[in-house]
Amino acid sequence: MVRPMYKITKRTQLSQNEYDFLIEAPRIATKAQPGQFIILRINDSGERIPLTIAESSATKGTIRLVFQVIGKTTAELAQLNVGEFILDLTGPLGMPTEIKDYGTVLIVGGGVGIAAIFPIVKGLKNAGNRVITILGAKTAELVILAKECQEYSDELIITTDDGSLGMKGLVTEAMEQVIAREPINYSWAIGPSIMMKFCTETASNYDLPINVSLNPIMIDGTGMCGGCRVTIDGNIKFACVDGPEFKGTQVNWDEFISRMKQYTDEEDACLADYQK
Ligand code: NAD
Ligand code: FES
């Protein structure tokens, strides 16, 4: 029997399906950099899922994970309370975001992908960039970490699909307005695959370089299993070790989106079985 090690010290429910956990993981917290992720396993029979490190504190020895309940494992994770433990946390994994002074940067987060852009917003602001952040979600309730992103942004634009907060529309519409208005040196987009695909299209129309973060199914997280295979600029790469960040224009989006849907039926059946 392996002794559980990673204690949940804070648990906040952000919306109906989104949770914000603070977890004791001192060794990971010391090394985590923007853009990196962990792979967790809740118990001995559990699957391994990747989650971006939304924030880390080396002094407190904690990492912050923000997730959406989309399958059995995230549903199980959401049931854990303060004082309970996660069995395995492996990380920090993946190549960190290249943090440097680019000049003016545009950073777009969609839905729960906002949690993944927050450390990048913070890192780029601390590196001296002028940071313009766009947060997009379906409704006002789903706009997460707005206060945190505001603190590290020179300008924060919020979009909602239904207009319940900020501008009514998609993040790409806000992107267009910003790019048409002033010169931007580099951009990032993290959120649903379809959003990242269209953000890439928008940025490319203006010759603006854009990085995206890919979140395929991952198992080992060390480049051994091939589960996270993606095609980048015609070459096979592993998102866990070569990414998760890639240039948006080099991603084979059709293949990526199709592979993301590969196990939808099994995942839905597994969740339905768990919720019986
Ligand atoms: P969502 O579907 O509510 O979309 C969020 C925003 O993305 C929308 O409000 C809209 O502004 C924009 N968007 C969506 N479709 C678009 C389109 N066709 N064109 C332009 N903009 C569009 O987001 P959600 O329900 O929170 O999505 C969660 C998804 O994000 C999950 O599938 C999850 O796997 C993914 N995710 C990805 C990462 C990553 O690292 N890439 C991290 C966390 C979550
Ligand atoms: Fe196995 Fe990336 S998760 S190779």
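All ligand and atom numbering here is 1-based and tracks the order in the structure.
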Using 4.0 Å as the upper bound for N to carboxylate O, is an ion pair formed by R64 and D20? yes
Looking at K168 and D161, does any basic side-chain N land under 4.0 Å from a carboxylate oxygen? no
Q13 atom CD, over 12 foreign heavy atoms within 6.0 Å: yes
Out of I232, I257, V230, which residue meets the side-chain contact (heavy atoms from CB on, under 4.5 Å) rule with V251? I232
Under 4.5 Å side-chain linkage, directly or through intermediates, the cluster mates of L93: F37, I39, M218
Quick one, list the residues around ligand 1 where some non-hydrogen atom comes in under 4.0 Å, by chain and residue number. Q68, G110, G111, V112, G113, G136, A137, K138, D161, L170, V171, T172, I190, G191, P192, I194, M195, M196, F198, S213, N215
Report for atom 2 (Fe) of ligand 2, protein N, O or S closer than 2.8 Å, by chain and number, lists C228 SG, C240 SG
Parallel, tilted or perpendicular for F67 and Y19, by the 30°/60° rule? parallel
Between CG on residue L22 and OG on residue S57, distance to nearest 0.5 Å: 8.5 Å
Smallest separation among heavy atoms of V171 and G109, with atom names: CG1-O, 4.2 Å
Residues at least two apart in sequence or cross-chain that pass side-chain contact (heavy atoms from CB on, under 4.5 Å) with E255, listed by chain then number, are R229, T231, N252, R259
